Amino acid sequence: MSAIRSDPTAVIEPHADMTIDEVRGAFRRWLIERADSLERFTELPTDVEGIFATLSAMQRELYDAGWIRMGWPQQLGGLGGALILRAVVSEELAAAGYPPPFSFATQEVLGPAVARFAPADLSEQVLPRLLRGDESWCQGFSEPGAGSDLASLRTKAVDAGDHWIVSGEKIWTSWAQFADRCLLLTRTGTPDSAHRGITALFVDMNTPGITVSPLTAITGEADFSSLFFDEVRVPKSRTIGGVGHGWEVAMFILSCERGAAAWQRQAWMRWRLERLVVEAPDLDPVQLGEAFELVGALRLLSRRTLRALNAGEDLGVLPSFDKYVMSTAEKFLFDTALTALPETLLVETDRTARDWRTDYLYSRASSIYGGAKEIQRNIISERILGLPREK
Ligand SMILES: Cc1cc2nc3c(=O)[nH]c(=O)nc-3n(C[C@H](O)[C@H](O)[C@H](O)COP(=O)(O)OP(=O)(O)OC[C@H]3O[C@@H](n4cnc5c(N)ncnc54)[C@H](O)[C@@H]3O)c2cc1C
């Protein structure tokens with residue numbers, strides 16, 4: 001853990017009216033005060049089940065103490081106040097050497113979509129459970145044949161009166177084997193209705209007809225799964241955002257992925273870069289400088305996005321820059337680690353080596369998940385820079 005100076009001031013309970021500086025100071029003090037009991041979260045188990053359980057427990061501690069309830073409305077289990085307050089919490093958590101809880105990705109990505117688009121009684125029921133780590137959700141978007149071209153998805157939902165009958169297949173669904181619910185994109189329009197015929201559903205994963213088949217990633221762990229839907233009944237009350245409006249829900253989710261979730265990622269990369277400097281003191285200064293610049297650029301971009309989201313502004317496709325820089329920075333950082341610590345990454349077997357190796361391997365996926373890098377380039381060139389479309 002990085003050094004946090006001890007402060008004798010009493011620990012302050014989080015509340016919605018705190019300033020950013022007050023949250024920062026009070027959360028640091030809380031981390032110091034609780035350092036002994038939080039220590040178990042710095043050393044994660046090696047298997048994905050163990051990691052998931054440990055991070056869920058960490059999330060519960062943060063929720064029960066109020067820190068990650070900031071910025072969420074009270075009726076959804078929050079304390080109210082601005083979203084930026086819990087962004088400060090995630091930054092301090094990373095700076096103190098704690099891993100980002102898995103569920104932060106879900107919380108900050110799917111949570112805001114359910115808060116915004118789901119019927120009030122549903123969001124009031126499920127969001128407090130998500131925020132506390134009592135349940136987890138997965139994102140059922142990609143299909144074999146519909147990744148970058150998401151609007152061509154084929155999992156169909158057929159209108160059957162008070163419910164939908166869902167059939168089809170999803171793939172690369174992160175941590176689906178642990179998920180209690182799935183935010184699922186389905187085709188309710190004609191097969192060629194593209195983005196206009198998509199409806200988002202909120203599906204309980206224990207509904208009969210759903211099969212989860214874990215897939216082993218390059219890390220050696222089952223980081224994602226295939227999902228098979230065989231005539232699954234989903235009540236109409238689980239429709240999110242209205243029939244035929246699933247594309248709006250999906251685009252909002254992607255903007256969240258590039259907002260608060262990207263902010264957490266940069267905070268974590270910053271901490272990883274600090275570790276690299278400590279563990280590889282002979283690191284090439286030019287490489288170090290470039291890694292620092294890239295992580296710094298991501299920080300500035302995602303700070304802008306976060307502030308805009310906090311102010312309720314619509315950023316359109318601008319956060320494609322954030323996603324592009326995020327994958328560039330992450331890959332460069334871990335390429336630098338491989339150059340600086342080749343034996344650690346390639347040969348050694350202790351915990352430090354394993355963590356570097358896993359992070360290096362996962363960084364390869366950063367230019368694929370959440371929208372591939374080539375797609376971000378297309379969006380930036382065509383929709384932001386106004387360059388002509390490729391024929
Ligand atoms: C670690 C990880 C976790 C994931 N988690 C989830 C999840 O939880 N939920 C979920 O729904 N999905 C998830 N995904 C899937 C991810 O969203 C897709 O992999 C991604 O959208 C790319 O789709 P694809 O794999 O079908 O590749 P394709 O779309 O087949 O693309 C293959 C290659 O072709 C390029 N390409 C495609 N179209 C164009 C074009 N028009 N112009 C230029 N180049 C193009 C792409 O950039 C890419 O390099 C995850 C993926 C990974 C790696």
Side-chain angles (χ1 to χ4, degrees), residues 48 51-52 100 102-111 113 136-155 166 168-187 194-195 198 200-203 205 210 212-229 240 246-247 249-258 261-262 265 317 320 323-324 326-328 330-331 334 358-383 387-391:
V48 73
I51 293 172
F52 202 85
F102 270 152
S103 39
F104 262 20
T106 316
Q107 241 182 303
E108 297 295 352
V109 174
L110 300 179
S136 76
W137 305 349
C138 63
Q139 181 180 330
F141 286 16
S142 306
E143 297 180 4
S148 301
D149 186 14
L150 186 61
S152 68
L153 64 88
R154 289 186 304 179
T155 294
V166 177
E169 182 181 345
K170 296 286 172 182
I171 195 167
W172 315 128
T173 318
S174 293
W175 310 305
Q177 68 272 43
F178 306 111
D180 302 283
R181 331 259 190 181
C182 178
L183 209 152
L184 185 72
L185 292 185
T186 61
R187 167 99 26 227
H195 61 277
I198 293 173
L201 304 178
F202 192 65
V203 181
M205 289 294 281
I210 301 178
V212 180
S213 178
L215 299 165
T216 304
I218 193 175
T219 55
E221 292 295 328
D223 291 333
F224 32 45
S225 296
S226 281
L227 301 184
F228 301 93
F229 295 82
I240 307 287
W247 193 250
V249 178
M251 292 306 105
F252 179 72
I253 286 173
L254 287 183
S255 76
C256 295
E257 209 160 73
R258 285 149 207 180
R265 198 83 188 146
V317 293
S320 278
K323 180 66 177 64
Y324 183 83
M326 188 163 90
S327 55
T328 308
E330 188 164 337
K331 278 189 164 172
F334 289 100
T358 303
D359 291 344
Y360 173 85
L361 292 172
Y362 204 86
S363 73
R364 305 300 99 181
S366 65
S367 56
I368 303 172
Y369 61 72
K373 195 166 188 174
E374 292 76 14
I375 302 303
Q376 306 313 317
R377 281 202 188 105
N378 286 351
I379 294 171
I380 291 167
S381 58
E382 291 166 8
R383 299 182 59 190
L387 299 178
R389 268 175 171 273
E390 199 182 356
K391 290 274 187 292

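Whatever order the structure lists them in is the order used to number ligands and atoms, beginning at 1. Computed from a predicted model, the values in this text were never measured in an experiment.
Distance check on atom 19 (O) of ligand 1: some protein heavy atom falls below the 4.0 Å cut-off. Counting protein heavy atoms under 4.0 angstrom from atom 32 (C) of ligand 1 gives zero.
Residue S174 holds the heavy atom nearest to atom 8 (O) of ligand 1 of all those in S174, A146, G140, A179.
Screening T173, V203, D180, V212 for a side-chain contact (heavy atoms from CB on, under 4.5 Å) involving C138 leaves a single residue, T173.
Geometrically, K170 does not engage F141 in a cation-pi contact defined by less than 6.0 Å to the ring centre and at most 45° from the axis.
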Query - Check against side-chain hydrogen bond (donor to acceptor under 3.5 Å, both in side chains), S320 and Q376 - result: CA-CA 6 Å; S320 278; Q376 306 313 317; 2.8 Å; yes
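Using a 4.0 Å cutoff on heavy atoms, Y362 counts as a contact of ligand 1. Heavy-atom separations between I368 and ligand 1 include at least one value shorter than 4.0 Å.
Annotation: atom 46 (C) of ligand 1 to nearest protein heavy atom, E374 OE1, 3.7 Å. G147 CA, 3.3 Å is the protein heavy atom nearest to atom 26 (O) of ligand 1. The protein heavy-atom contact nearest to atom 29 (O) of ligand 1 is S148 OG, 2.6 Å. Scanning the protein for heavy atoms near atom 16 (C) of ligand 1, the closest one is S142 OG, 3.6 Å. The protein atom (non-hydrogen) at minimum distance from atom 52 (C) of ligand 1 is Y369 CB, 3.6 Å. In terms of protein heavy-atom proximity, atom 45 (C) of ligand 1 is nearest to I375 CD1, 3.9 Å. Q139 O, 2.7 Å is the protein heavy atom nearest to atom 9 (N) of ligand 1.
Under the 3.5 Å distance criterion, the side-chain polar atoms of R377 are left unmatched by any main-chain donor or acceptor of A372.
Using a 4.0 Å cut-off to heavy atoms of A372, the atoms of ligand 1 that qualify are 46 (C), 47 (O). Counting the atoms of ligand 1 from 1 in the order shown, those under 4.0 Å from a heavy atom of F141 are 11 (O). For ligand 1, the atoms lying closer than 4.0 Å to a non-hydrogen atom of N378 are 40 (C), 41 (N), 42 (N), 43 (C). Listed by number with element, the atoms of ligand 1 under 4.0 Å from a non-hydrogen atom of A365 are 1 (C), 53 (C).
The two residues L185 and G246 make their nearest non-hydrogen contact at CD2-O, 3.9 Å. Nearest approach of V109 to I253, heavy atoms of both residues: CG1-CG2, 3.5 Å.
Ring pair F202/W137 is perpendicular by interplanar angle, where above 60° counts as perpendicular and below 30° as parallel.
Considering CD1 of I198 and OG1 of T155, their distance stands at 10.5 Å, rounded to 0.5 Å.
Considering both main-chain and side-chain atoms, K373 never comes within under 3.5 Å of ligand 1 through any nitrogen or oxygen pair. For a threshold of 3.5 Å applied to N or O pairs, the pair formed by W172 and ligand 1 contains at least one separation below that value.
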